Amino acid sequence: MPDTNAAAWPWVRARLSGLRTSARPGTRRGGSAVVRTAVVTDSAAALPADYSRGLPGDGILTVTPMPVMVGAEIYGEGEDDILETIAVALAAGTPVKTSRPSPGQFEQAYRAAQLRGFEGIVSVHISGELSGTADSARLAAARVGIPVDVIDTRTVGMAQGLAVQAAVEAAAAGADRAAVAAAAAAQAERTKVFFYVPSLEQLRRGGRIGAAASLLGTVLAIKPILAVDGGRIIPLEKVRSAAKAVARLEDIVVAEAVLHPGESVCLAVHHFGNPEEAESLAARLEAALPDCPPAQISSLPAVLAAHAGLGVLAVIVGRVDGGPDGGADQSP
């Protein structure tokens, strides 16, 4: 299930452009900023591989994989064919479950950052309403000598990913730990998640639907449109066909994007097993929103695909600042 080529993601490339110059913790970057804060996140952030590869080689960002259990086997994000394995398992009715990373995984990441010379860490994570990942991070933070701020973004996917990017950009610009944490939290607040799933069954099995349980009585007759709000998955609308649901999702995204004239808006489209549908949706959004950069298109991370199920279409609408330094404290 390949992702669309990164060449179609100009806003991702733009956010990387200011971070290309190599930097070392505790040294001046570009002649002005001192990198003092490292950022840690989990794989639910759905960060494009090109983003992580394009960062300076100083360990400023660590992505901790979230485990997925398919039957009796345990997989980590990034392992070969994990999405195909999940797809086959779901089709066959094999149990697919997820788990939070262990505190030990985060402790290892925090200690590694300390050894590299960072003075503090901001750990940015999937909503605590959907996973215990932030709790694992807090347990780990209590075990290490370096100060760690744990941020529950109360969101998921590239909405969380944008918060991570904001934190990385602030850190690379020399911001202190408090300012890096504030950048992540503010970006998470400025980002919305809307999605369509052909069936609520996987969300029901994983206990992730919350208020959407009210839809279950008619699950076979409707196609739900959902959102992430306040950290939880909530129902927005009930639509009678898949085609109408996707069209309505498009309308909702366009309406959200135009609510903020004069601000920079970026879009990301996630899918699982239906890349052609994602590409078609992204093309229609580009036509409807000519002032927005083309949407980033990517498969859901395995930990999210396991809960959403095959055929999901998710759109992230983020309001972002005008540049990679976006107001960060750049004092030495």
Side-chain angles (χ1 to χ4, degrees), residues 1 3-4 44 46 83 86-87 90-91 96 126-127 130 155-161 191-258 265-289 292 294-318:
M1 301 175 189
D3 294 344
T4 298
L83 287 174
I86 293 171
L90 292 177
V96 179
I126 180 177
S127 171
L130 303 176
T155 191
V156 71
M158 266 304 296
Q160 175 189 343
T191 309
K192 302 289 187 181
V193 180
F194 305 101
F195 64 108
Y196 152 73
V197 290
S199 169
L200 289 169
E201 181 61 15
Q202 278 304 113
L203 288 170
R204 181 191 68 78
R205 288 181 180 179
R208 264 54 177 197
I209 54 174
S214 62
L215 298 176
L216 287 176
T218 54
V219 66
L220 297 178
I222 59 95
K223 300 297 181 184
I225 299 174
L226 307 137
V228 177
D229 185 55
R232 298 184 178 187
I233 296 173
I234 63 166
L236 286 183
E237 296 184 11
K238 306 174 185 180
V239 184
R240 291 291 178 179
S241 73
K244 289 180 179 178
V246 174
R248 184 63 188 131
L249 175 63
E250 179 184 339
D251 291 342
I252 290 169
V253 168
V254 170
E256 175 65 29
V258 300
V265 175
C266 64
L267 305 175
V269 176
H270 292 315
H271 63 87
F272 178 33
N274 50 334
E276 295 83 5
E277 280 190 289
E279 290 166 8
S280 178
L281 174 59
R284 294 194 302 274
L285 290 172
E286 183 177 359
L289 298 166
C292 289
Q296 171 195 317
I297 305 171
S298 63
S299 298
L300 276 177
V303 69
L304 304 184
H307 290 292
L310 287 163
V312 61
L313 285 173
V315 184
I316 284 76
V317 184

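Computed from a predicted structure; not experimentally measured. Here, residue 1 is the first one in the sequence, and each next residue gets the next number.
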Identify the two heavy atoms, one from K223 and one from S241, that lie closest to each other, and give their separation to 0.1 Å.
CG-C, 3.6 Å

Have a look at F272 and tell me which of V312, V197, L304, L313 forms a side-chain contact (heavy atoms from CB on, under 4.5 Å) with it.
V312

What's the shortest heavy-atom distance between E286 and P294, and which atoms?
OE2-CG, 3.8 Å

Heavy-atom closest pair (Y196 atom, A242 atom, distance to 0.1 Å) is OH-CB, 3.3 Å

If you apply the rule side-chain contact (heavy atoms from CB on, under 4.5 Å), what do you find for S127 with V156, and how did you get there?
CA-CA 6 Å; S127 171; V156 71; 5.8 Å; no

Nearest 0.5 Å please: distance from the CG atom of L300 over to the CE atom of M158.
12.5 Å

Closest non-hydrogen contact found for V269 with A282 is CG2-CB, 4.3 Å

Between L83 and P301, the two heavy atoms sitting closest are CD2-C, 4.5 Å

Check G273 against L310 and note the closest heavy-atom contact, atom names and distance.
CA-CD2, 4.2 Å

Interatomic distance, I86 atom CD1 to H307 atom NE2 [nearest 0.5 angstrom]
9.5 Å

In Å and rounded to the nearest 0.5 Å, what is the NE2 to CD distance from H271 to E279?
7.0 Å

Between atom CG of L226 and atom CD1 of I234, what is the distance when rounded to the nearest 0.5 Å?
8.5 Å

Mind checking salt bridge (Lys or Arg N to Asp or Glu O under 4.0 Å) for E250 and listing every partner two or more places apart, or none if nothing turns up?
R284

Rounded to the nearest 0.5 Å, what separation is found between the CZ atom of F194 and the CD atom of E237?
10.5 Å

To the nearest 0.5 Å, what is the distance between SG on C292 and CG on L267?
5.0 Å

Sequence neighbours excluded, which residues qualify as side chain to side chain contact (heavy atoms under 4.5 Å, CB included) partners of A314?
F195, H270

Residues at least two apart in sequence or cross-chain that pass side chain to side chain contact (heavy atoms under 4.5 Å, CB included) with A159, listed by chain then number, are T155, T191, V193, I316

Contacts of type side-chain hydrogen bond (donor to acceptor under 3.5 Å, both in side chains), residue E277, not counting sequence neighbours:
N274

